[in-house]
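Treat the numbers as computed from the prediction; the structure is a model and nothing was measured.
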Amino acid sequence: SSSLLSTSIATNATAGESVLISPNTDLVIESPHVTPTSLVYLTPTGNTDNKVLFVKSKNTCQDSSSNCQPSFTVGIDTPSSSDISFNWWIIGLK
């Protein structure tokens with residue numbers, strides 16, 4: 001059931017491992033380390049079914065309410081036939 005497919009995770013880490021579950025085309029990763037100057041790097045750790053993972057968006061909560069959670073969204077253009085595992089790393093620039 002698609003209601004059981006995870007489309008977001010929350011973490012306090014600056015790096016981690018995640019899985020984009022098929023047939024989803026994006027995954028939101030919430031982290032307080034996402035800032036306007038941070039960089040986010042993605043590295044696939046398995047078969048990507050010829051899909052290119054990219055940082056689709058970055059929400060830094062600069063113009064949002066106090067309920068906002070900083071996050072970034074990992075995406076692919078079209079659904080993959082299998083899950084895509086990847087590592088991610090947030091680097092804070094000063």
Side-chain angles (χ1 to χ4, degrees):
S1 163
S2 62
S3 64
L4 299 176
L5 301 178
S6 176
T7 58
S8 69
I9 61 170
T11 181
N12 194 29
T14 57
E17 300 173 323
S18 296
V19 177
L20 179 57
I21 298 174
S22 178
N24 293 336
T25 57
D26 56 31
L27 174 67
V28 176
I29 299 176
E30 298 175 350
S31 172
H33 301 287
V34 177
T35 68
T37 59
S38 62
L39 302 176
V40 179
Y41 289 92
L42 307 173
T43 305
T45 58
N47 185 358
T48 63
D49 195 30
N50 279 338
K51 308 297 180 191
V52 177
L53 284 173
F54 63 96
V55 178
K56 194 172 186 177
S57 64
K58 191 168 72 166
N59 181 6
T60 60
C61 297
Q62 296 300 307
D63 301 322
S64 298
S65 71
S66 61
N67 293 334
C68 182
Q69 176 64 41
S71 64
F72 64 94
T73 302
V74 177
I76 54 177
D77 288 331
T78 58
S80 174
S81 61
S82 61
D83 297 348
I84 299 174
S85 58
F86 63 95
N87 295 333
W88 53 268
W89 184 24
I90 302 168
I91 299 175
L93 298 178
K94 302 288 181 194

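- Proximity of Ile29 to Thr11: side-chain heavy atoms (C-beta onward) are separated by under 4.5 Å at one or more points.
- Counted by atom type alone, Ser80 and Ser22 present zero donor-acceptor pairs between their side chains at under 3.5 Å.
- Distance alone, capped at 3.5 Å, places no donor-acceptor pair between the His33 side chain and the Ile90 backbone.
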Tell me, with the steps shown, if Lys58 and Ser71 meet side-chain contact (heavy atoms from CB on, under 4.5 Å).
CA-CA 6 Å; Lys58 191 168 72 166; Ser71 64; over 6 Å; no
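- With 3.5 Å as the limit, one finds a donor-acceptor pair spanning the side chains of Thr78 and Lys51.
- With a 4.5 Å cut-off on side-chain heavy atoms, Ile9 and Glu30 do not count as touching.
- Here the side chains of Trp88 and Val55 are not in contact, with every heavy-atom distance at 4.5 Å or above.
- For the pair Pro79/Asn24, no side-chain contact is recorded, criterion being any heavy-atom separation below 4.5 Å from C-beta on.
- Clustering ILVMFWY residues whenever any of their side-chain heavy atoms sit less than 4.5 angstrom apart, transitively, puts Ile76 in a cluster other than the one holding Val28.
- Annotation: side chain of Val74 is not in contact with side chain of Asp26 (no heavy-atom distance under 4.5 Å).
- In this structure, CG on Leu20 lies 6.5 Å from CZ on Phe86, to the nearest 0.5 angstrom.
- Note that the OG atom of Ser31 and the CZ atom of Phe72 stand 7.0 Å from one another [nearest 0.5 Å].
- Looking at Thr73, its side chain never comes within 3.5 Å of a backbone N or O of Leu27 through a donor-acceptor pair.
- Atom CD of Gln69 has more than 12 neighbouring heavy atoms from other residues, nucleotides or ligands inside a 6.0 Å radius.
- A heavy-atom distance below 4.5 Å is not found between the side chains of Asp49 and Ile84.
- Side-chain contact check for Trp89 versus Ile91: some heavy-atom pair is nearer than 4.5 Å.
- Atom CZ of Phe54 has more than 12 neighbouring heavy atoms from other residues, nucleotides or ligands inside a 6.0 Å radius.
- In this structure, Leu39 and Tyr41 have side chains that are in contact, with non-hydrogen atoms separated by less than 4.5 Å.
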